[in-house]
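Please read the structure below before turning to the comments.
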Amino acid sequence: MEDTELKEVIVKLGGSLITHKDKPMSVNVKSLKRAVSMLKIANTRYFLVHGGGSFGHFMALRFNLSSTSKTTSIEGISETKAVMQELNSWVLRILVNEGFRPYTIPPQFLFKSWNLVRSLMERGLTPLSYGDVIWDRGFRIISGDEIIKEAAKILKPKMVIFAMRAPGILENVEDENSLIKDLKEKKLPSFKPAQYDVTGGIRRKIEIAFEIAKLGIDVIFVKGDSEELAKAIKGLPFRGTVVKGCRDLE
Ligand code: IP8
């Protein structure tokens with residue numbers, strides 16, 4: 001069997017896709033179910049990660065937690081972990097109902113468990129992780145995007161997909177027709193900061209996408225609750241944004 005056939009696809013289910021971002025602690029069940037059904041249709045091996053949306057970001061902001069500073073608020077640590085675990089249960093349940101066999105590994109353990117991740121995938125299970133609070137010489141938030149970056153380095157997937165609410169990266173957030181199809185490093189639009197986002201928002205996401213692309217892996221931003229997601233995974237023409245993998249080792 002060709003090596004490429006064994007490679008999995010890493011998908012980040014964005015918090016803005018799977019929750020109602022302006023409504024605290026509210027799962028967007030419809031979008032989440034649709035995104036999961038698209039993953040099923042595309043029928044490949046996945047490593048999945050989900051974001052915090054109106055669960056994690058809302059709580060982290062309330063207790064002043066972030067990805068760039070350490071917190072000593074033990075209430076904030078527990079409350080934020082609790083809501084992320086709750087959101088993870090929703091994702092887990094919907095994946096199971098759709099026929100996946102997911103297995104959650106919180107990020108605190110993930111980085112020491114890549115062999116477990118590989119074993120899970122070999123057995124037909126789908127490893128799932130999520131943005132969370134971790135101990136990193138002090139407690140801080142780790143975003144799903146940071147997890148994806150590490151996973152991409154280790155697993156060397158076929159592609160990395162950010163499944164989002166928007167149809168991709170937009171030049172102007174208010175205009176869905178301003179989609180950037182081919183995103184190049186020098187052509188970054190200026191993004192407004194999100195209403196609440198403790199992990200750096202779309203700008204940080206794009207920086208991470210370029211870091212992954214430098215490993216020679218294509219990174220795709222696509223609307224998660226639409227057929228475009230399945231098309232992108234299958235390698236068919238789709239509407240979305242591509243950051244082309246570019247490894248110049250020669
Ligand atoms: O939505 C954030 O993960 P992200 C996780 O992937 C928390 O940035 C706890 C806010």
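Counting from 1, the numbers follow the sequence of the chain as shown. In listed order, ligands and their atoms are each counted from 1. Quantities reported herein were computed from a predicted structural model and do not represent experimental measurements. Side-chain atoms are counted along with the backbone in the values below, which use heavy atoms only and exclude waters and symmetry mates.
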Of all protein heavy atoms, the one nearest atom 10 (C) of ligand 1 is Gly56 C, 3.3 Å

So Arg239 and Glu227, do their side chains get closer than 4.5 Å, heavy atoms only?
no

For Asp218 and Gly245, indicate whether the former's side chain and the latter's backbone hold a donor-acceptor pair under 3.5 Å.
yes

Should Thr199 be counted as touching ligand 1, given the test is an N or O pair under 3.5 Å?
yes

Output the list of atoms in ligand 1 that are nearer than 4.0 Å to some heavy atom of Thr80, sorted by atom number.
9 (C)

Of the non-hydrogen atoms in Val133 and Gln108, which two are nearest, and what is the gap between them?
O-OE1, 4.5 Å

Short N-O contact, Asp145 and Lys12, less than 4.0 angstrom
yes

Which residue supplies the protein heavy atom nearest to atom 2 (C) of ligand 1, what is that atom called, and how far is it?
His57 NE2, 3.5 Å

Does the pair Glu146/Arg140 count as a salt bridge with the N-to-O cut at 4.0 Å?
yes

Test item, Lys12 contacting ligand 1 (heavy atom, 4.0 angstrom):
yes

Only heavy atoms of Gly131, strictly under 4.0 Å: list the atoms of ligand 1 that pass.
3 (O), 5 (C)

Taking NZ, NE, NH1 and NH2 as the nitrogens, is one of them in Glu211 or Lys149 under 4.0 Å from a carboxylate oxygen of the other?
yes

Which ligand 1 atoms, with their elements, are less than 4.0 angstrom from a heavy-atom of Gly51?
1 (O), 4 (P), 6 (O)

Once you restrict to heavy atoms under 4.0 Å, what part of His50 touches ligand 1? Side chain, backbone, both or neither.
neither

Spell out, as yes or no, whether a donor-acceptor pair under 3.5 Å connects the side chain of Thr19 to the backbone of Ser54.
yes

Heavy-atom distances under 4.0 Å decide this one: backbone, side chain, both or neither, for Met59 against ligand 1?
neither

For the student: nearest non-hydrogen atoms of Lys40 and Gly99, plus distance:
NZ-O, 3.4 Å

Only heavy atoms count here, so choose which of Ile147, Ile141, Val198, Ile142 is nearest to atom 7 (C) of ligand 1.
Ile141

Hey, which atoms in ligand 1 end up nearer than 4.0 Å to a heavy atom of Gly144?
3 (O), 4 (P), 6 (O)

